[in-house]
Amino acid sequence: MKLPSSDRNWLRSSAVTTTWSFRSHLEEDVLSRGLPILFPSYDVPVDGLNRVAADHGVRIGLTAEGHAGYTPGTLTDASLSYSYDGGTTWTEADTVRDDGAWTAVLDHTGASGKQVTLRTVITDDNAGTRSPRR
């Protein structure tokens with residue numbers, strides 16, 4: 001197999017599959033309104049080579065940004081699951097909410113050199129929900 005680069009770090013790639021869920025209704029006096037679509041943001045403790053330590057208690061911060069015209073409310077629920085086999089099996093991380101901030105805590109022990117897939121569900125108090133698979 002011919003590698004596209006001599007630097008193995010360039011071989012890492014990501015893909016995103018996303019499902020959004022929200023309620024809509026007709027507002028006779030409103031011409032346009034931003035859809036309540038959330039885009040999650042991850043605060044991952046990576047090193048200089050974009051790697052995560054294979055340790056217990058890896059903490060990933062979870063926040064959200066809104067689609068154009070939508071300002072997210074306060075996150076009311078967040079969950080994160082992770083997979084080392086491309087999504088065939090999943091492990092749900094513990095999530096904690098501390099002073100309004102959500103953090104997922106993963107047991108990444110023994111995962112040295114493994115590619116990880118994340119599945120996240122976040123909900124704000126405006127009922128916007130996003131369920132991305134990353």
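Residue numbers count from 1 along this sequence. Note that the structure is a prediction, hence the values are computed from the model and not measured. The analysis underlying the following values was restricted to heavy atoms, covering all of them including side chains, and did not include hydrogens, waters or symmetry mates.
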**Prompt:** What is the ring orientation for Trp20 with Phe39, classed by angle as parallel under 30°, tilted 30 to 60°, or perpendicular over 60°?
**Reply:** perpendicular
**Prompt:** Do Tyr84 and Leu80 belong together in a cluster built from hydrophobic side chains that touch within less than 4.5 Å?
**Reply:** yes
**Request:** Scan Ser81, Ser79, Ser21 and name whichever one has a side chain to side chain contact (heavy atoms under 4.5 Å, CB included) with Val121.
**Result:** Ser79
**Asked** If you look at every heavy atom in Thr120 and Tyr42, which pair is closest and at what distance?
**Response** OG1-OH, 2.9 Å
**Request:** For the pair Ser83 (side chain) and Thr89 (backbone), establish whether a donor and an acceptor sit closer than 3.5 Å, ignoring hydrogens and angles.
**Result:** yes
**Message:** Within the structure provided, determine whether Asp107 and His56 are in side-chain contact (heavy-atom separation under 4.5 Å).
**Reply:** yes
**Message:** Do Ile60 and Val105 land in one hydrophobic cluster if side-chain heavy atoms of ILVMFWY residues count as linked below 4.5 Å?
**Reply:** no
**Prompt:** Rounded to the nearest 0.5 Å, what separation is found between the CG atom of Leu118 and the CG atom of Leu62?
**Reply:** 9.0 Å
**Complete:** Taken in chain and number order and not counting sequence neighbours, the residues that satisfy side chain to side chain donor-acceptor pair (under 3.5 Å) with Thr63 are none
**Fill in**
On a heavy-atom basis, the closest approach of Ala93 and Tyr82 is CB-CE2, 4.0 Å
**Message:** Taking the side chain as everything from C-beta on, heavy atoms only, tell me whether Pro36 gets closer than 4.5 Å to Asn126.
**Reply:** no
**Asked** If two hydrophobic side chains count as joined below 4.5 Å and joins carry through other members, does Val96 share a cluster with Val58?
**Response** no
**Item:** Distance (rounded to the nearest 0.5 Å) between Glu92 CD and Arg119 CZ
**Value:** 8.5 Å
**Exercise: identify the closest heavy-atom pair between Gly73 and Asp124** = N-OD2, 2.9 Å
**Message:** If we ignore hydrogens and angles and just use 3.5 Å, is the side chain of Asp125 paired with the main-chain N or O of Thr74 as donor and acceptor?
**Reply:** yes
**Fill in**
Shortest non-hydrogen pair, Thr117 vs Gly86, comes out as OG1-CA, 3.8 Å
**Asked** Can you name the nearest heavy-atom pair linking Ala54 to Ser112, along with the distance?
**Response** CB-N, 3.5 Å
**Request:** Determine whether Lys114 and Val116 make a side-chain contact, defined as any pair of heavy atoms from C-beta on separated by less than 4.5 Å.
**Result:** no
**Complete:** Taking every heavy atom of Ala64 against every heavy atom of Ile122, the minimum-distance pair comes out as CB-CD1, 3.6 Å
**Fill in**
For residues 96-105, the side chain to side chain donor-acceptor pair (under 3.5 Å) pairs (sequence neighbours left out) are none
